[in-house]
Amino acid sequence: MAERSIPDKCRILISNDDGIESPGIKLLEKIARQITSDVWVVAPDQEQSGASHSLTTRRPLRARELGGQRFSVDGTPTDCVVVAVRRLLRDKAPDLVLSGINMGGNVGEDLNYSGTVAVAMEATLLGIPAMALSQDYDDGERIPWETSEAFALEVVRRLLRLPWPEHTLYNINFPGVPAKEAGGFAVTHQGKRAISDNLMDGVDPRGRPYYWIGPARETGEAEPGTDVAAVADGCVSITPIYLDLTNVTVLASLKKLFE
Ligand code: MN
């Protein structure tokens, strides 16, 4: 397995899916500056949550320089990584990409929809080590950003100690509890929740029906050892995500079938 390590004087690129103005990206920038002075922020000009790994191909993209090594792009989280790596930072590629900190957890099947995780996926596809960071919270409650602030630097620093495994990103979730109530670190695998009917029905001002997709997932009992369970238990969840999507356990029987 090809592995790489991160140099001490590293260049960090930050992006997200909540947009350049989100409090989470400002916090992540502050944390990254404790690792290196060479921090760049290239993020969507508007919120792109749920954008997943989508790419804009049918219109041009424009980057706007905001000063202080910060740019907004009128596109998706994936667009931002591509524009940053291929053009804005073409003089020197980032050594590490950090995504987030997302307003809300990204666990279980959230990974299929998350723009936050897609930033880290795109970086991984480009051969750059990446981590996705998310702060869980309960709808309608205050977001406990101080929990991210208390643990993020420690988690990132510790993960940088290991050689970086190929095709792999780290998905990190901070629990939606105050930092002093958090239960430490949990290394987890991706969990699963039952997906409920999360469509809200409404009627628009012209009397036409509409459907609005909400965040609702079945909560219930989470399988132990998963990201879903760890965050529910108040722990900081760290999951290695592998981007080779092949189901290797099925390969042998499938080969027999097509012999
Ligand atoms: Mn988001």
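Values below: every heavy atom of this structure, side chains too, minus hydrogens, waters and symmetry copies. Residues: numbered from 1 along the sequence shown. This structure is a prediction, so every number in the text was calculated from the model and none was measured. For ligands, and for the atoms within them, numbers begin at 1 and follow the listed sequence.
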- Taking the Mn ion (ligand 1) as the reference point, name the nearest N/O/S atom of Asp18. OD1
- Could Arg59 and Asp74 be called an ion pair, given the rule that one side-chain N must be under 4.0 Å from one carboxylate O? yes
- Task: Verify the distance test for Gln48 against the Mn ion (ligand 1): any N/O/S atom under 2.8 Å, yes or no.
- Result: no
- Query: Counting heavy atoms not belonging to Lys92, are there more than 12 under 6.0 Å from its NZ?
  - Reply: yes
- Message: If the threshold is 4.0 Å, N to carboxylate O, is there a salt bridge linking Lys255 and Glu259?
- Response: no
- Query: Is the distance between the Mn ion (ligand 1) and the nearest N/O/S atom of Asn16 smaller than 2.8 Å?
  - Reply: no
- Message: Could you check whether atom CG of Leu254 has more than 12 heavy atoms from other residues, nucleotides or ligands sitting under 6.0 Å from it?
- Response: yes
- Item | the Mn ion (ligand 1) contact by Asp17, N, O or S atom under 2.8 Å | yes
